[in-house]
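The block underneath contains the structure these notes are about, expressed in structure tokens.
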2 protein chains.
Amino acid sequence: MTVKTLKNSLAILECFASTENALGVREISRMTNMHTSVVQRTINTFTEAGYLIQDESTKKYKMGYKMFIFYDVLSHSSDPHSAIYELMQNLASEINESVFLTYMDNEYGVTTKIAESSKNIKYAVSLGTKTPLYIGASCKVMFAYLEEEQQLELLAYFHEKQSEEEHKQLLAHLKNELQTIRQHNWCMTVGEYNEHAFGISVPLFNNKKEIMASLTISGLIYDMDEQREKYMLEQLLQVSHQIQSHITKL
Amino acid sequence: MTVKTLKNSLAILECFASTENALGVREISRMTNMHTSVVQRTINTFTEAGYLIQDESTKKYKMGYKMFIFYDVLSHSSDPHSAIYELMQNLASEINESVFLTYMDNEYGVTTKIAESSKNIKYAVSLGTKTPLYIGASCKVMFAYLEEEQQLELLAYFHEKQSEEEHKQLLAHLKNELQTIRQHNWCMTVGEYNEHAFGISVPLFNNKKEIMASLTISGLIYDMDEQREKYMLEQLLQVSHQIQSHITKL
DNA sequence: CCTTCTGTTCCGATTATAGGAACACTGTTC
DNA sequence: GAACAGTGTTCCTATAATCGGAACAGAAGG
């Protein structure tokens, strides 16, 4: 039992999350395959409530101030009592590196929880950071579990100038790596997301066994050696099983 | 032309912005004066979309990961091309202190734009920070323009343990200060929000001449003297008129 | 000056929502 | 342990809100 009207409305709102540009009514209508009349009324409501504002000159719409009211709660939402966050913190202090929880959202990975290491040099990822789904361990490990069709759509999304042929070549290039990720059930990258950083990630799935999120250890490559790498991976896999069981219960 | 269903749904979602606690269906039903059946369906939809999640043990709901997808856009939304932000930045560099834009949202002031000074010691307010509406210059200057009835409601909200009599006494105590704010059209506090900080604020109104937001200069009290104070106030008033005219056009 | 965009509004047919009632479950009280 | 008050959740139908076609007003471009 859900509310169809709300579901559609949220689809409209989420158009604004993918771009900083102002969007027009008919533009959104095309993006969502909804009638301009519906989009218009929905946008009016969002605007009245402060979620969107209309640009005075272009008449187009962009994000309003209202979203900020959730900001404060979300910043503190890594509550220490949350079982998942607790597990992440334990892991972070055990290995003395930062641990990230990244959710999949359409074409991006979104960082939703961070358990920071006690090290002084903090790794420059903040809550809510969005990364294209095939860059860096935390995203690549999710990309690997998508169906080929979806993978191609994603590549097309980020390389719109290239042809479909080129996308297939790109994917063929990644194929071996992606297969290895699925075999191991983890992914490691060095200097991919950031030239000074490494990332080790494992996938997390929902009830339907679809890929949903990833758990990542990330730190500076200069602190790394083979032994630590092995140890961190072991710890990560162990904790991810515990977190997985929590997620599946949701 | 607005969508009633969406309007109600947003009212439900916003219940979660005021608290970090998990909320129950009937609890929200009471808060919003909507039927449990309606709340239930709405919450189901939000949950399915990832905006809310259900706590496995208590069965109650709290904020989900989905709001984070707007985080990234909002962080960068202080776009340098925005006329308002440009004015704020000019002011910030002119007086060499940080400038804040604070929106009113129910019982709180929400920081939505920040133009930082070039000073090394950054003032500890980040985007989205929520402050009770009667604390600090940025909020007090908005509080002063509310009707007495609303002011009492607000005091009741934050001092629920006190009686209505005590609220009226509290308000009477503030009465002179609030009148002075309205006469001057600005408000200054020293060491109120933070013991090391001062704030100078002016109000901003919407088309209907209702109080809507405030513009604030804030910095460390140790850098202050009478002459600077006077200068900053002049500059602030001047810029606020320009910003006001932009806001009214919205 | 016509065409083709844009945002916006109107109105009747359609359909999704509202709200009462009931269910299953938990914890409390006597 | 039975009665009770609380919870989240689901079903149903009259009703009220949404949908979607069409048209309007304005802007931009050739």
Side-chain angles (χ1 to χ4, degrees), chain A residues 1-16 19-64 81-83 206-208 246-250, chain B residues 1-16 19-64 207 246 248-250:
Chain A
M1 285 259 116
T2 56
V3 185
K4 197 184 162 189
T5 307
L6 175 56
K7 205 171 172 178
N8 290 339
S9 302
L10 292 177
I12 292 174
L13 185 64
E14 285 168 26
C15 291
F16 293 90
T19 174
E20 289 179 44
N21 301 332
L23 300 173
V25 174
R26 279 179 152 84
E27 203 173 350
I28 293 168
S29 167
R30 266 175 270 124
M31 288 165 80
T32 55
N33 286 321
M34 296 168 74
H35 266 257
T36 57
S37 166
V38 176
V39 174
Q40 179 74 47
R41 264 176 292 128
T42 307
I43 284 190
N44 282 347
T45 314
F46 275 126
T47 305
E48 199 176 74
Y51 289 82
L52 300 174
I53 51 167
Q54 186 171 32
D55 190 294
E56 7 169 351
S57 57
T58 65
K59 293 276 178 185
K60 292 188 173 188
Y61 295 87
K62 56 182 176 179
M63 295 250 76
H81 303 298
S82 143
N206 66 12
N207 289 330
K208 300 168 194 160
H246 275 101
I247 285 181
T248 319
K249 279 187 210 153
L250 289 183
Chain B
M1 284 260 116
T2 56
V3 185
K4 195 184 163 189
T5 308
L6 176 55
K7 205 172 173 179
N8 290 339
S9 301
L10 293 176
I12 292 174
L13 185 63
E14 286 169 24
C15 291
F16 293 90
T19 174
E20 289 178 44
N21 301 331
L23 300 173
V25 175
R26 281 181 151 84
E27 203 172 351
I28 293 167
S29 167
R30 267 175 270 125
M31 288 165 79
T32 56
N33 286 320
M34 297 167 73
H35 264 259
T36 58
S37 167
V38 176
V39 174
Q40 179 74 48
R41 265 178 291 129
T42 307
I43 284 188
N44 281 348
T45 313
F46 275 126
T47 305
E48 200 176 72
Y51 289 82
L52 299 175
I53 51 166
Q54 186 172 33
D55 190 294
E56 10 171 345
S57 56
T58 64
K59 294 278 180 181
K60 293 188 173 188
Y61 295 87
K62 55 182 177 179
M63 294 250 78
N207 290 330
H246 275 99
T248 320
K249 277 187 213 153
L250 288 182

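Chain naming here is simple, since letters A, B, ... match the order of the sequence lines and numbering starts at 1 in each.
Partners of Thr58(A) under the side-chain contact (heavy atoms from CB on, under 4.5 Å) rule, at least two apart in sequence or in another chain, are Asp55(A), Lys60(A). Scored by the side-chain hydrogen bond (donor to acceptor under 3.5 Å, both in side chains) test, Thr19(A) finds Asn21(A) as partners (sequence neighbours excluded). With sequence neighbours excluded, the residues forming a side-chain contact (heavy atoms from CB on, under 4.5 Å) with Arg26(A) are Arg30(A), Thr36(A), listed by chain and number. Applying the salt bridge (charged side-chain N to carboxylate O under 4.0 Å, His left out) test to Lys4(A) and every residue at least two apart in sequence or in another chain returns nothing.
What separates CD1 of Ile43(B) from P of dT10(D) is a distance of 13 Å, to the nearest Å. Atom CD1 of Ile28(B) and atom C1' of dT9(D) are 14 Å apart (whole Å). At whole-Å resolution of the value, CD in Glu27(B) and P in dG6(D) are 14 Å apart. Summarising the geometry, the separation between CZ on Phe46(B) and C1' on dG8(D) is reported as 18 Å, rounded to the nearest angstrom. Nucleotide dC19(D) holds its P atom 12 Å from the CE atom of Met1(B), rounded to whole Å. Spacing between atom CZ of Arg41(B) and atom P of dT10(D) amounts to 11 Å, rounded to whole angstrom units. Taking atom NZ of residue Lys7(A) and atom P of nucleotide dT18(D), one finds them 18 Å apart after rounding to whole Å. The CD-C1' distance, from Glu48(B) to dT9(D), rounds to 15 Å in whole Å.
Leu13(B) and Met63(B) get closest at one heavy-atom pair: CD1-CE, 4.0 Å. Nearest approach of Phe16(A) to Tyr61(A), heavy atoms of both residues: CE2-O, 3.2 Å. The two residues Ser29(B) and Val39(B) have their closest heavy-atom pair at CA-CG2, 3.8 Å. Minimum heavy-atom separation, Leu23(B) to Cys15(B): CD1-O, 3.8 Å.
Boundaries of the chain B contact region on DNA chain C are dT17(C) to dG20(C), first to last in 5' to 3' order (nucleotide atom under 4.0 Å from a heavy atom).
In this structure, the side chains of Lys62(A) and Leu52(A) stay at 4.5 Å or more apart for every pair of heavy atoms. In this structure the side chain of Thr5(B) reaches within 4.5 angstrom of the side chain of Val3(A), judged on heavy atoms.
The phosphate of dT7(D) has neither OP1 nor OP2 within less than 4.0 Å of any side-chain N or O from Tyr61(B).
Projected onto DNA chain C by closest heavy-atom contact, Val3(A) and Thr58(A) fall at different nucleotides, the more 5' of which corresponds to Thr58(A).
Residue side chain Arg26(B) reaches the base of dG8(D) through a donor-acceptor N/O pair under 3.5 Å, judged by distance alone.
Within residues 30-40 of chain A, the residues having any heavy atom closer than 4.0 Å to DNA chain D are, in order of number, His35(A), Ser37(A), Val38(A).
Judged as a side chain to side chain donor-acceptor pair (under 3.5 Å), the pairs with a partner in residues 38-47 of chain B (not counting sequence neighbours) are, in order, Ser37(B)-Arg41(B), Gln40(B)-Asn44(B).
Recorded end-axis angle for the helix from dC1(C)-dG30(D) to dC30(C)-dG1(D) stands at 30°, based on five pairs per end and rounded to 10 degrees.
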